[in-house]
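Accompanying notes for the structure given below.
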Protein chains: 2
Amino acid sequence: MSKTKRLVKIAPDDSGSKARIFRAASAEFAARGFAGGHVDRIAAAAGVNKAMIYYHFKSKAALYREILREMFEAVAARLDEMSARQRTPDGKIRAFVEAIAHEAEARPHFPPIWFREIAEGGAHLDPATIATVAGIVRRLAVIVRDGVAAGRFKPVDPLLVHGGIVAPVLLYYATAGLRKRIAKAGVTGADRFASRDVIAHVQRVALTTLHGRM
Amino acid sequence: MSKTKRLVKIAPDDSGSKARIFRAASAEFAARGFAGGHVDRIAAAAGVNKAMIYYHFKSKAALYREILREMFEAVAARLDEMSARQRTPDGKIRAFVEAIAHEAEARPHFPPIWFREIAEGGAHLDPATIATVAGIVRRLAVIVRDGVAAGRFKPVDPLLVHGGIVAPVLLYYATAGLRKRIAKAGVTGADRFASRDVIAHVQRVALTTLHGRM
DNA sequence: GTCTATAAATAGATAGAC
DNA sequence: GTCTATCTATTTATAGAC
């Protein structure tokens, strides 16, 4: 009998009350942040009574931490999946970009919540989730290191490569709402440019950087 | 006698109560967001009574909007200053990157607040401030367009260039706190890499992109 | 597992004295 | 301009019935 906490594992099609709360909370926190998100609204959106939230989760903070944990574990898992299918350093970099982008598409709450956590210095991230986040960065560092060892990449600080990939990709998805308003304010086309163009661009930039053609 | 609202203009060394409130509120909202920021704490940090906030500002929301407005106008102004000193398209791109970075250094609340507003779809941005934000993007678009006209740049979507510049630079400054924790979790050097390296890297990447060497 | 009702704690905002 | 005191609304959280 282990004392290990039972961790939430929410299947995408799970229609139970816990899964509905989890999904409603993800959307609520993404749109309004942790402090701005209200349990009342989460309950209403999930179609349950407010007390149900406290039946399934210890507190609003615990619910939010679960969302963060699940989110980053999913990113790490997808990263491993997509990277494992690639043989070349170039392929692994492309896969890294796509993994981030696909995860952002599959979980629309991911980019906004991640931006908010960054702004807050990771205040809500528990140590285990910090380790998961560090693992994501380290995965890219390993790809870069292996590429350098194979003579394919120039040695570039992995954190610069990481920032050049993750920041623009997340920005693209997180600004979906804002770009519409900016388009109306006279920036033509801000609301309509495709994710595949962004992904392709970021991939090319990352590889150019690593190939040392700068 | 104009009916135009008197806008806040806070000098960096202003020690009046309004300026102290303004600065305390900037830090509070940067650290905790609009909903998470409390007027009580702002008053305490500013060394004034809570009622003083309402003497100077209409509401918490109005105070926050003023901060957003002042922040983006400052960025736009610095962009114009630094761009005006440059003659070549390359120089103007470099100046754009530096303007964003210098502004982020001068106003530490800028990157976190901007990330939060993005996450929130710009919910707190009034139309005038949206126009200012759009103007920032448009300034870069003009630099790119002029560079293309001068035969120096390949035609790249200005929004891709914008994302490739603003996102990594803001990410660098906004993650200062988080990078410390990630460094402890085993990503060596995450807490110590210099802003000048980030700026130089982003400048090089942006110019490589625009020169079409990809 | 699910709901009603309510407790307990804050938070934003204001009235009014100095 | 500045402060004390207070009002009102909201919000997290729980007790307890079904």
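Atom CZ in A:Phe57 sits roughly 12 Å away from atom P in C:dG1 (whole-Å rounding). B:His38 places its NE2 atom 16 Å from the P atom of D:dT10, with the value rounded to the nearest Å. In this structure, CZ of A:Arg20 is placed 12 Å from P of C:dG1, rounded to the nearest angstrom. The nearest whole Å value for the distance from the CG atom in A:Leu63 to the P atom in D:dA13 is 10 Å. Separating the CG atom of B:Asp40 from the C1' atom of C:dT14 is a distance of 14 Å, rounded to the nearest angstrom. What separates OH of A:Tyr55 from P of D:dA17 is a distance of 18 Å, to the nearest Å. Rounding to whole angstrom units, OH of residue B:Tyr54 and C1' of D:dG1 are separated by 18 Å. The distance between atom CZ of A:Phe29 and atom C1' of D:dT12, rounded to the nearest whole Å, is 11 Å.
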One pair to check against side-chain contact (heavy atoms from CB on, under 4.5 Å): B:Thr209 and A:His201. What are the steps and the verdict?
CA-CA 9 Å; B:Thr209 306; A:His201 177 79; 3.4 Å; yes
Atom pairs and distances, side-chain donor-acceptor, residues 163-172 of chain B, under 3.5 Å, sequence neighbours left out:
unit_1   : atom_1 : unit_2   : atom_2 : d
B:Tyr172 : OH     : B:Phe193 : O      : 2.9
B:Tyr172 : OH     : B:Ser195 : N      : 3.1

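When the side-chain nitrogen and oxygen atoms of A:Ser59 are compared with OP1 and OP2 of D:dT12, none of them lie within a distance under 4.0 Å.
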Pull out every protein N or O sitting under 3.5 Å from an N or O of nucleotides 3-6 of chain C, one pair per line with the distance.
unit_1 : atom_1 : unit_2  : atom_2 : d
C:dC3  : OP2    : A:Asn49 : N      : 3.0
C:dT4  : OP2    : A:Asn49 : ND2    : 3.1

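At least one side-chain heavy atom of A:Phe22 sits less than 4.5 Å from a side-chain heavy atom of A:Phe57.
Listed candidates were D:dT2, D:dT12, D:dA13. Nearest to the side chain of B:His56 is D:dT2.
When heavy atoms are screened at a 4.0 angstrom cut-off, A:Gly36 is found touching no nucleic acid atom at all.
For the residue pair B:Ser83 and B:Asp80, no side-chain donor N or O sits within less than 3.5 Å of a side-chain acceptor on the partner.
Considering every non-hydrogen atom in both B:Arg181 and A:Ile130, the closest pair reads NH2-CG1, 3.4 Å.
A:His124 and A:Phe34 have their aromatic ring centers within a separation under 6.0 angstrom.
In terms of the side-chain hydrogen bond (donor to acceptor under 3.5 Å, both in side chains) criterion, residue partners of B:Glu103 (sequence neighbours excluded) are, by chain and number, B:Arg78, B:Arg107.
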